[in-house]
Each structure stands twice: as C-alpha cells, then as structure tokens.
2 protein chains.
Amino acid sequence: MRRLNDGPLAVLVGERVFSSEFKYRKGTEVFGEGDAAEYVYQIITGAVRTYKLLADGRRQINSFHLPGDMFGFENGASHRFSAEALVETKVRLMRQRSLLHTVASREGSTTNLLRLVTQSLQHAENHMLLLGRKTALERVAAFLLEMDDRQSHPDVMILPMSRRDIADYLGLTLETVSRALSVLRDDGLLRFIGTTQRQVALLNRCGLAQYDA
Amino acid sequence: MRRLNDGPLAVLVGERVFSSEFKYRKGTEVFGEGDAAEYVYQIITGAVRTYKLLADGRRQINSFHLPGDMFGFENGASHRFSAEALVETKVRLMRQRSLLHTVASREGSTTNLLRLVTQSLQHAENHMLLLGRKTALERVAAFLLEMDDRQSHPDVMILPMSRRDIADYLGLTLETVSRALSVLRDDGLLRFIGTTQRQVALLNRCGLAQYDA
DNA sequence: CGTCGCGTTGACAAGGTTCAAATTTGGTGG
DNA sequence: CCACCAAATTTGAACCTTGTCAACGCGACG
C-alpha cells in the first residue's frame, strides 16, 4: 500500500519515483512567473500559494497547495504564474522532461497525467464561478469548506495562510474576509481555537454549506 | 496544407479524422452540466458558450468557443458544465473513447492532447485574474482584445453573444457592460458599425490595452 | 401595427473597498 | 521570562464602484 504522501507523482511513474527533495523557508519563492519550467513539484509537508500579479500589485491567487498536491506542471517552456511557500515547506521535485519521458513509455499513464491537469482545470472552473458570481459570505464559506475537505474534516482546521492570502484567493480585501469570518463566528458556525486566529473549528458544516450558494 | 478549421482534432489524430458533423440552432443546448460526456466537439462554424449555474440562476460563462476551438473534453464520465450554441453552429464531434484510443496508439500525440487541456487551463488562469482583480472597464477592454485576437484583428469585429452573455463571462451585469462600452465609445476607442450593436470596430488597440490593467 | 427581444441610460441602493485606529499576536533580544 | 517592536487581525466609518430597478428606444417579425 502506498504511503499517503506518495500522491500523484508516484502514481504516474509507478513506484520508481526518480526525484529529489527540497525545502523552502516561509515566504520564499519556489518559482516566479516567466521562469523556465524545469521541474514539477509535489508537496510533502507545508503549503504553497500559486498566483498572478498585475503591474500595480493586485494579486490573484489561483490555488493553495497542501501536502500531496502537485503544481508547476507546464506545457510551455516557462511558468505562467509564481509559487511561494506559505510556511516552511518540503517538496519532492522532478524534471518535467523525465516525467514526460517516463509517462510516454508506460501504458496507461497518459490518462493519469491528463487526469492531473484536468483536476486543476476543474478547480479553476469552480473558482471562476466563485469569483464571478458569489458574494463575500459565500466565498468565505466556500473557502472554509474547501480547506476542510482537503484536510479531511479535522476537528480543528489549521489555516497556513494569512487573511491577505485568503482575500487574494477569493477576490476580496483582507478586511472583508475578516468581517465575513466574524459574521460566521457570531452566527455560531465556527469558532477560533487558542490565541491565534488561524485555527478554526467548524461547528456546523451544513449551515456553512447554506451560506455557500 | 491543412484547412484552417481542421484544428486540434485533426492534429491529434492525424489526417484520418473519424468524426461526424452536427448542427445546432441558435440558443440550443449542446450538452448540460452532469450529462454523460460521450463526445468531444470542435466548432466548424458559429459559436458556443460553456457555463456553470448556481441554484438561484446566477451564471458564470467559462469561455466562448469560436471556429476551430474544441470543448467538451472531460476526464470523468460527465460534463462539469453546460454548453449552448450562441448562433446557428456546426460542429464536428468524436467519441471521447475513440479519441483516447487513437491518441494512445500514436507516438507524440499524448503531448498534443495534453497541450489542448493545458490551453484551457491557461485561459482559466487568466480569467481568474480578471474575475478576481480587474475593474469593470478593465474587464470589458480585456474582453474586446481577446475577441479581437481570436478573430485575427478584423476591421469590423462581430460579437456573436448578447450583452448578458458578455456580462456573465466577465462577472458583471449587462448594464455595467453596456455602460463600459459606451465609455470606450465616447473615449474614441471603438465604434459601433451599422444599426446593430454587435459589430464593433476597434479604433485604438493600444489605448484599449491601457485600460486593461 | 403591436409586441417582443435587445440594448442604452438614469436614479438610487447596496455590498465591498478604502482609510484609519485599536487590539492582538508573534518574534527577538536582553 | 519578560519587554518591546513589527506584523497580523479586527473593527469602525465614509466612500465608491457596481448592482438593481425602471423607463425608453430601436429593430425584427408576426
């Protein structure tokens, strides 16, 4: 049986994963928009944000990547967005060339690689609906439910990202995110744990789902 | 030399395209969200919108598909969004199974198929930036430039979609789209041709690009 | 000729942003 | 361990962009 964190990379190339590991400190860049797309990454521990910037500094975070997630896969020669570690993060990395080569030589792995890209696309489609058509409360509720899902519904969810990160993910300002969280707290849907505001207990997931459109 | 409209499908499977054609009347559904994903489509003539709906009717259009474009490719068994013809539309269609089968048996076509999906992903990433972080004017300017690009910079661009469609694509209301177009017209950046408001001449593409962030 | 779909425009409302300030938290050095 | 400072978060109030509601114009079509 595979270990949890083997994830897609291991599935793709079978158990013979040819890869190395690397560690990034909190806040450091994994790659920048326009950089040569040499590697594909899979998170072992930690978390990463991938985002695009406008000239005046406005930022849109495409997605947060948690342990097991892959990112950085590109078809062209360069990355179309930037990636930064949210916290101390350990990644497995592999050359895209080797990956494609390995995939090409293995029966059935085409479909798996395709599935991986398609999953990103699916996430993007859902996120466009959120960004284009949902209210602030709906966005924040959807965000909490997404993180909850991806952390397998823990009793206490740990958010590795700041309010600004959440805001740039949801197309809001950090103030609006903070206010929405306060509303949900006051409505008894969640509770902050401990002194930090980054540990959250969801008290009523169904109620939260009601807020999400 | 390939005909212009052979497009990606033909590239993928070589010249031996095994496919049939079908015609959709204006406003008719090609497939709905949740339908079995049996076919992949390529537009021969006309235009198609692909979109998602929320329960209360809010709609987010993911993309407009013009001649040569492919859509409907799914990894799972069912479509994740709906597709409707904007105008009378002729499509080429092919079973996904046959496509995957054909691709699997041909050297190098994996990369092409992957490139196709990656292109959709790239479009989605750009659109998330637009939806999350751009103003109404920036969105409309970006939309006009996108359509202009995809129609190869004609003197007079024909928009096959309504103001509501544009609005649902850009995450705005149709009134805001209309107002933004009026502003751009009054600023001398574009002109409406003829009596209909769906033929547009871009008078100053650089100026328009300034409006886009 | 009336109606219907589409688009434009205006007035007003509202959700979200901006600006500001208070409060809390986390990190660092003594 | 505590003091202190920087960063993060919350909260408040004013403002603004965009949405909502409504009226109107125009062309297509029966």
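Just so it is clear: chains get the letters A, B, ... in the order the sequence lines come, proteins before strands, and each one is counted from 1. Please read these numbers as outputs of a predicted model, since none were measured by experiment.
Ion pairing between D168(A) and R58(A) fails under the 4.0 Å rule for side-chain N and carboxylate O. Taking 4.0 Å as the cut-off between side-chain N and carboxylate O, R80(A) and D35(A) do not count as a salt-bridged pair. K26(B) has no carboxylate O lying under 4.0 Å from a charged side-chain N of E84(B), or vice versa, which leaves the two without a salt bridge.
Mapping T196(A) and T176(A) onto DNA chain C by nearest heavy atom places T176(A) at the nucleotide closer to the 5' end. Along DNA chain C, the nucleotide nearest to T195(A) and the one nearest to T173(A) differ in position, and the one closer to the 5' end is contacted by T173(A).
At a cut-off of 3.5 Å, with distance as the only test, no side-chain donor of R115(A) or T118(A) sits close to an acceptor on the other residue. In this structure, a donor-acceptor pair under 3.5 Å is present between the side chains of E146(A) and H123(A). In summary, the side chains of Y211(B) and D187(B) do present a donor paired with an acceptor at a separation below 3.5 Å, with no hydrogens or angles considered.
Relative to the axis of its first five pairs, the axis of the last five pairs of the helix from dC1(C)-dG30(D) to dG30(C)-dC1(D) sits at 40°, rounded to 10 degrees.
Summarising the geometry, the separation between CD on E175(A) and P on dG15(C) is reported as 18 Å, rounded to the nearest angstrom. As a whole-Å value, the separation of R163(A) CZ from dT17(C) P is 16 Å. Between L174(B) atom CG and dT8(C) atom C1' there is a gap of 10 Å when expressed in whole angstrom units. In this structure, L172(B) places its CG atom 18 Å from P of dG15(C), rounding to the nearest Å. Nucleotide dG7(C) holds its C1' atom 13 Å from the CG atom of L159(B), rounded to whole Å. Nucleotide dG16(C) holds its P atom 16 Å from the CD1 atom of I166(A), rounded to whole Å.
Under 3.5 Å, the side chain of R164(B) and the base of dG5(C) form no donor-acceptor pair of N or O atoms.
For Q197(B) and dT8(C), the shortest distance from a side-chain N or O to OP1 or OP2 is below 4.0 Å. Distances shorter than 4.0 Å separate none of the side-chain N or O atoms of R179(A) from OP1 or OP2 on dT17(C).
For the atom pair L130(B) CG and T135(B) OG1, the distance stands at 9.0 Å (nearest 0.5 Å). For the atom pair L184(A) CG and L189(A) CG, the distance stands at 5.5 Å (nearest 0.5 Å). With rounding to the nearest 0.5 Å, the separation of OG in S120(A) from CG in N62(A) is 9.5 Å.
Relative orientation of the H127(A) and Y169(A) rings is parallel, given thresholds of 30° and 60° on the angle between their planes.
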Test side-chain hydrogen bond (donor to acceptor under 3.5 Å, both in side chains) applied to Q42(B) and R92(B), step by step: CA-CA 5 Å; Q42(B) 183 185 16; R92(B) 177 180 299 136; 2.9 Å; yes
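Contact annotation for G171(A): backbone-only contact, meaning every heavy-atom pair under 4.0 Å involves sugar-phosphate atoms and none involves a base. Using a 4.0 Å heavy-atom cutoff across all strands shown, S162(B) reaches sugar-phosphate atoms only and no base atom.
Bracketed by its first and final contacts, the part of DNA chain D lying under 4.0 Å from non-hydrogen atoms of chain B reaches from dT18(D) to dG27(D) in 5' to 3' order.
Shown for residues 133-142 of chain A: no residue has heavy atoms falling under 4.0 angstrom of DNA chain D.
Heavy-atom neighbours of D155(A) CG from other residues, nucleotides or ligands within 6.0 Å: at or below the threshold of 12.
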